[in-house]
Each structure stands twice: as C-alpha cells, then as structure tokens.
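Only this structure's heavy atoms are used, side chains among them; waters, hydrogens and symmetry mates stay out. Remember, predicted model here, so these are calculated numbers, not experimental data.
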Amino acid sequence: MDKKRRDKERSKTLHLEKQKRCTLRTVTELIKSQEHCGVRSRKFKFSPEFGDGYFEYNHFDGLFIGIFDVSLKKDVKTYARSSINALELSYLIDGEQIIRIDGKNHDFIYESQESYLVYITQASGSIQYHKNKYFKEVKIRMYPDFIQKHKLNSTYGISKKYALDKIDQNSIQPLCSKTQEILTELLTDTRQGLLKRLFLESKVLELLALHLDMDKGTKTEVSNTDHLIKKLYEVQFIISSDLTLQYSVHELARKVGLNDFMLKKEFKRVFATTIFEYALKLRMTKAKKLLNHSKKPIYEISELVGYKNSTHFTAAFKKIEGITPKKYRQKGLQTT
C-alpha cells in the first residue's frame with residue numbers, strides 16, 4: 001500500500017474513532033429542569049442503550065454538586081477536554097472507574113468507597129466504566145467565587161497543593177464513617193429553595209474540612225489500607241444509608257464478598273465495635289433526634305429506625321437510655 005493510501009486510511013480510521021467517542025451529554029437526556037432561589041437543578045436520564053439510571057446536579061454561587069446513580073448495560077468510555085478552573089471533590093460510593101489523564105504515564109484505578117481532591121484548570125482524558133456494574137458517585141466542584149469566599153486558596157493554597165499534575169494513586173483516600181454519614185444526608189435530602197442552598201453549602205464545607213484534616217496528618221490507621229478495609233467501610237455505608245432495614249451479618253457479608261467470620265472479626269478490629277453495636281448506636285441516635293425534633297408517634301419512629309414492632313423498639317431504647325421513648329420525649333419537652 002502506498003503512502004498516500006495509508007494516510008487516507010489512517011485519516012478515515014481516526015475520523016471513525018472520533019465519531020464513536022462519547023461524552024456524558026451523548027449518553028443522557030434532560031428530563032427535568034428548574035431554578036428556585038438561585039439553585040439551578042437539572043436531572044438527566046441515561047439512554048436505555050447504555051444503562052438504567054440518572055445523573056442530576058444542583059448549581060449555585062460557584063458550587064456544583066452532581067450525583068450519578070446508574071446500572072450500566074455496556075462498557076462506556078467518556079472523553080472530555082475542558083478548562084474548568086475548579087476544585088473537584090469526588091466520592092465513589094459504588095462501582096469502578098479507570099481514569100486516564102492525557103500526559104500521565106499510567107491510568108488511575110478509582111474504586112468503590114474511595115475519594116479524591118484535585119484542582120483542575122485545563123484537562124483532557126477519558127473515564128472508562130464497565131458494563132453490568134452498579135455505579136454511584138457524588139461529584140462536587142468548587143469554582144473561584146466559592147474558593148475566594150471561603151479563603152481556600154489564601155489559607156490552604158489548594159490550587160497548587162492539589163494541582164492535577166501532582167495527582168497520583170496515593171491521592172485517593174478511603175471513605176471514613178463520618179464522610180459516609182454526610183453523603184447519606186446529601187443523597188436523601190428533600191429541601192427546596194433557600195434551605196437547600198444553606199444545607200448543601202454546609203455539607204460541602206463539612207466534607208472538604210474532613211478531607212483537608214486527613215491530608216494534614218490526622219489520618220487514622222485505616223487511611224493506608226487495602227481492599228479489605230474498603231469492604232468494611234462499604235458495610236458501614238450499607239447500614240447507615242437506610243436504617244429502616246436490619247441486615248444480618250450473613251447478608252452484609254454476601255453484599256461485600258466476605259465470609260461471616262472475617263467480616264465480624266475485621267469490623268471489630270478496625271472500628272472497635274461490633275456490627276450490631278454500630279447499627280444500634282445509629283438507630284438510637286436517629287430515634288432521639290426524631291423524638292426531640294418531630295411530633296411523629298412512637299410506632300412510626302420505631303419503623304423509621306428499623307423496628308417493625310414498637311414494643312421491641314421501646315425495650316431496646318430503654319436498655320440504652322434508661323427510660324422509655326415516651327418519657328425521653330416528655331423530658332425533652334420539659335427542658336425546652
């Protein structure tokens with residue numbers, strides 16, 4: 001084949017490859033759009049060809065909070081080239097990404113129960129997702145107005161410290177239990193308007209503070225952990241994300257791919273509490289909040305914290321707090 005023909009074939013191949021390239025915009029369609037009190041909200045549904053799920057975001061005052069929740073039907077590789085000038089904070093709750101940044105010699109493997117913080121000015125590359133896998137991510141971007149408002153550059157020098165060219169596999173951190181609690185609040189929030197703006201901004205600042213604290217050297221022993229630790233954090237998230245459900249150790253072990261003995265042993269070693277004690281503490285904490293700050297009847301509160309029988313809830317509450325839920329509520333009313 002002569003040189004002219006080879007060049008023509010190569011040009012044709014590159015053109016076809018470019019046509020096949022997809023972005024988030026090409027695999028989703030807008031299904032909801034609204035703006036209220038300065039909060040611009042959009043929700044996109046994934047094309048049935050690619051998966052079953054959605055991507056949605058809220059954007060206001062230099063702050064962007066996006067949520068991906070989708071089960072993919074085929075391998076997807078999205079491409080992007082942008083100049084966004086923003087601090088990006090990502091939390092991968094479930095799934096896996098293979099991130100390729102142009103100019104880097106190796107790909108980054110980003111897995112379930114991990115997070116990263118990076119400052120992006122100009123970037124190009126791709127993110128690959130595997131089919132038949134559930135994917136859930138919270139992605140936050142803080143733009144210059146937000147950064148300046150909270151003095152993030154003058155205090156922490158984030159634009160240099162977290163610059164994209166400095167990122168490596170060690171930049172990825174596991175999710176701690178406090179982070180998981182905040183993410184659960186974000187994912188289940190139903191506020192609207194001004195209250196939503198205040199809530200979202202406060203939660204983003206909490207998440208950022210936790211991440212910066214870990215980077216300052218207050219990491220716990222689980223910060224440099226392996227695949228097993230991520231599974232344990234995943235168990236924490238499963239329990240805390242829906243307290244109306246009570247999982248057995250066997251059910252949790254199956255969900256994360258561990259055997260029962262290993263899960264019980266390692267959970268106690270890492271978190272210094274049993275799975276039962278951890279779940280019970282979360283249930284009682286939520287119950288106390290509901291008793292103090294709502295007028296919901298006791299039987300309804302018991303269901304919201306995982307007890308189908310209010311008598312069992314009352315017995316468990318009294319064992320922990322020393323008084324019944326009814327007396328606890330009355331005591332709270334007397335002190336206000």
Q. In Å, rounded to the nearest 0.5 Å, how long is the span from CG of L183 to OG1 of T188?
A. 10.5 Å
Q) Do any N or O atoms from the side chain of R191 and from the backbone of F199 form a donor-acceptor pair under 3.5 angstrom? A) no
Q: Would you name the heavy atoms of L245 and Y247 that are closest together and state the gap between them?
A: CD1-OH, 3.2 Å
Q | S241 to T184 - nearest heavy-atom pair and separation | A | CA-CG2, 3.8 Å
Q | No-hydrogen, no-angle side-chain donor-acceptor test under 3.5 Å, E181 and S240 | A | no
**Q.** Gap separating the CG atom of L232 from the CG atom of L252, nearest 0.5 angstrom
**A.** 11.0 Å
Q.
So which atom in S171 and which in K166 form the shortest heavy-atom distance, rounded to 0.1 Å?
A. OG-O, 4.2 Å
(Q) Take a 6.0 Å sphere around CG of D52 and say whether it holds more than 12 heavy atoms from other residues, nucleotides or ligands. (A) no
Q) Any donor-acceptor pair under 3.5 Å linking the side chain of R283 with the backbone of L243? A) yes
Q: Considering non-hydrogen atoms only, spot the tightest contact between Y278 and S177 and give its length.
A: OH-CB, 4.5 Å
Q. Are L210 and K178 side-chain neighbours, meaning at least one heavy-atom pair lies under 4.5 Å?
A. yes
Q: Using the rule that two of Ile, Leu, Val, Met, Phe, Trp, Tyr join whenever any of their side-chain heavy atoms come within less than 4.5 Å, decide whether L198 and L63 are in one cluster.
A: no
Q) So, the side chain of Q180 versus the backbone of Y233: is there a donor-acceptor pair under 3.5 Å, distance only? A) yes
(Q) Would you say I320 ends up clustered with F317 if hydrophobic residues are merged whenever their side chains have heavy atoms under 4.5 Å apart, either directly or through other cluster members? (A) yes
Q) Would you say the side-chain atoms of S90 pair up with the backbone N or O of Y116, donor to acceptor, closer than 3.5 Å? A) no
Q: May I ask you to decide if P48's main-chain N or O and K73's side chain share a donor-acceptor pair within less than 3.5 Å?
A: yes
Q) Is any side-chain heavy atom of Q113 closer than 4.5 Å to a side-chain heavy atom of I93? A) yes
**Q.** T273 versus F267, closest heavy-atom pair with distance
**A.** O-CD2, 3.4 Å
(Q) Donor-acceptor check, side chain of K296 to backbone of I301, threshold 3.5 angstrom: yes or no? (A) no
Q) Do the ring planes of F64 and H59 sit parallel (below 30°), tilted (30 to 60°) or perpendicular (above 60°)? A) perpendicular
Q) Do I65 and L194 belong together in a cluster built from hydrophobic side chains that touch within less than 4.5 Å? A) no
Q.
Are there over 12 heavy-atom neighbours, none belonging to R42, within less than 6.0 Å of that residue's CZ?
A. yes
Q | salt bridge (Lys or Arg N to Asp or Glu O under 4.0 Å) between E35 and R40, worked out | A | CA-CA 4 Å; E35 190 162 343; R40 188 173 65 190; 5.5 Å; no
Q. Hey, mind stepping through K133 and Y129 against side-chain contact (heavy atoms from CB on, under 4.5 Å) and telling me if it holds?
A. CA-CA 8 Å; K133 280 198 173 184; Y129 309 84; over 6 Å; no
Q: Verify the neighbour count for atom NZ of K308: are there more than 12 heavy atoms of other residues, nucleotides or ligands below 6.0 Å?
A: no
Q. Does K45 NZ have over 12 foreign heavy atoms under 6.0 Å away?
A. no
Q) With K149, which residues qualify under side chain to side chain donor-acceptor pair (under 3.5 Å), at least two apart? A) E201
Q.
In this structure, would I182 and L195 fall into the same cluster of hydrophobic residues linked by side-chain contacts under 4.5 Å?
A. no
**Q.** Salt bridge R269-E266, side-chain N to carboxylate O under 4.0 Å
**A.** yes
**Q.** Worked verdict on F50 versus F46 for ring pair (Phe, Tyr, Trp, His ring centres under 6.0 Å)
**A.** CA-CA 7 Å; F50 290 96; F46 275 80; 8.1 Å; no
Q. Can you check whether L291's main-chain N or O pairs, donor with acceptor, with R329's side chain at less than 3.5 Å?
A. yes
Q. Is there a path from Y134 to L187 through hydrophobic residues (I, L, V, M, F, W, Y) whose side chains come within less than 4.5 Å of each other?
A. no
**Q.** Polar side-chain atom of D145 near backbone of D61 as donor-acceptor pair, under 3.5 Å
**A.** no
Q. After noting the C-alpha distance and the side-chain angles of E137 and Q97, does the key distance pass the side-chain hydrogen bond (donor to acceptor under 3.5 Å, both in side chains) rule?
A. CA-CA 10 Å; E137 178 188 21; Q97 294 179 354; 3.2 Å; yes
Q) Salt bridge check: are K255 and E234 linked by an N-O gap of less than 4.0 Å? A) no
Q.
Let's go through K203 and E206 carefully: what are the C-alpha distance in whole Å and the side-chain angles of both, what is the deciding distance for salt bridge (Lys or Arg N to Asp or Glu O under 4.0 Å) to 0.1 Å, and is it a yes or a no?
A. CA-CA 5 Å; K203 293 304 167 185; E206 278 189 74; 2.9 Å; yes
Q: Show your reasoning for whether side-chain hydrogen bond (donor to acceptor under 3.5 Å, both in side chains) applies to N85 and T121.
A: CA-CA 4 Å; N85 194 24; T121 50; over 6 Å; no
**Q.** N58 side chain to S41 backbone, donor-acceptor under 3.5 Å
**A.** no
Q | Minimum-distance pair of heavy atoms, taken over all atoms of V70 and Y54 | A | CB-N, 4.4 Å
(Q) Around atom CZ of F276, are there more than 12 heavy atoms from other residues, nucleotides or ligands closer than 6.0 Å? (A) no
Q: May I ask you to check whether over 12 heavy atoms, not counting those of K264, lie within 6.0 Å of atom NZ?
A: no
Q.
Classify the ring geometry of F44 against Y57: parallel below 30°, tilted from 30° to 60°, perpendicular beyond 60°.
A. parallel
**Q.** Backbone N/O of K281 and side chain of T285: donor-acceptor pair under 3.5 Å
**A.** yes
Q: Give, for atom CD1 of I167 and atom OH of Y162, the distance between the pair rounded to the nearest 0.5 Å.
A: 11.5 Å
Q) How many angstroms lie between atom CG of L87 and atom CZ of R141, to the nearest 0.5 angstrom? A) 11.0 Å
Q | Rounded distance [0.5 Å steps], CD in E88 versus CG in L117 | A | 9.0 Å
**Q.** NZ/K327: more than 12 non-hydrogen atoms of other groups inside 6.0 Å
**A.** no
Q: Kindly say whether the aromatic ring centers of Y307 and F313 come within a distance under 6.0 Å.
A: yes
Q: Take Q128 and R100, measure what side-chain contact (heavy atoms from CB on, under 4.5 Å) needs, and give me the verdict at the end.
A: CA-CA 8 Å; Q128 186 172 342; R100 173 167 293 179; over 6 Å; no
Q | salt bridge (Lys or Arg N to Asp or Glu O under 4.0 Å) between D75 and K131, worked out | A | CA-CA 5 Å; D75 290 340; K131 65 181 177 181; 5.4 Å; no
Q: Mind running side-chain contact (heavy atoms from CB on, under 4.5 Å) on K77 and I127 for me, showing each step along the way?
A: CA-CA 6 Å; K77 192 172 187 178; I127 302 177; over 6 Å; no
Q) Should the heavy atoms of other residues, nucleotides or ligands under 6.0 Å from NE2 of H312 be counted, would the total exceed 12? A) no
Q | 4.5 Å side-chain heavy-atom contact, M284 and L280 | A | yes
Q: Kindly compute the distance separating CG (L152) from NZ (K161), expressed to the nearest 0.5 Å.
A: 12.0 Å
**Q.** side-chain contact (heavy atoms from CB on, under 4.5 Å) between Y110 and I172, intermediate numbers included
**A.** CA-CA 8 Å; Y110 188 34; I172 295 175; 4.1 Å; yes
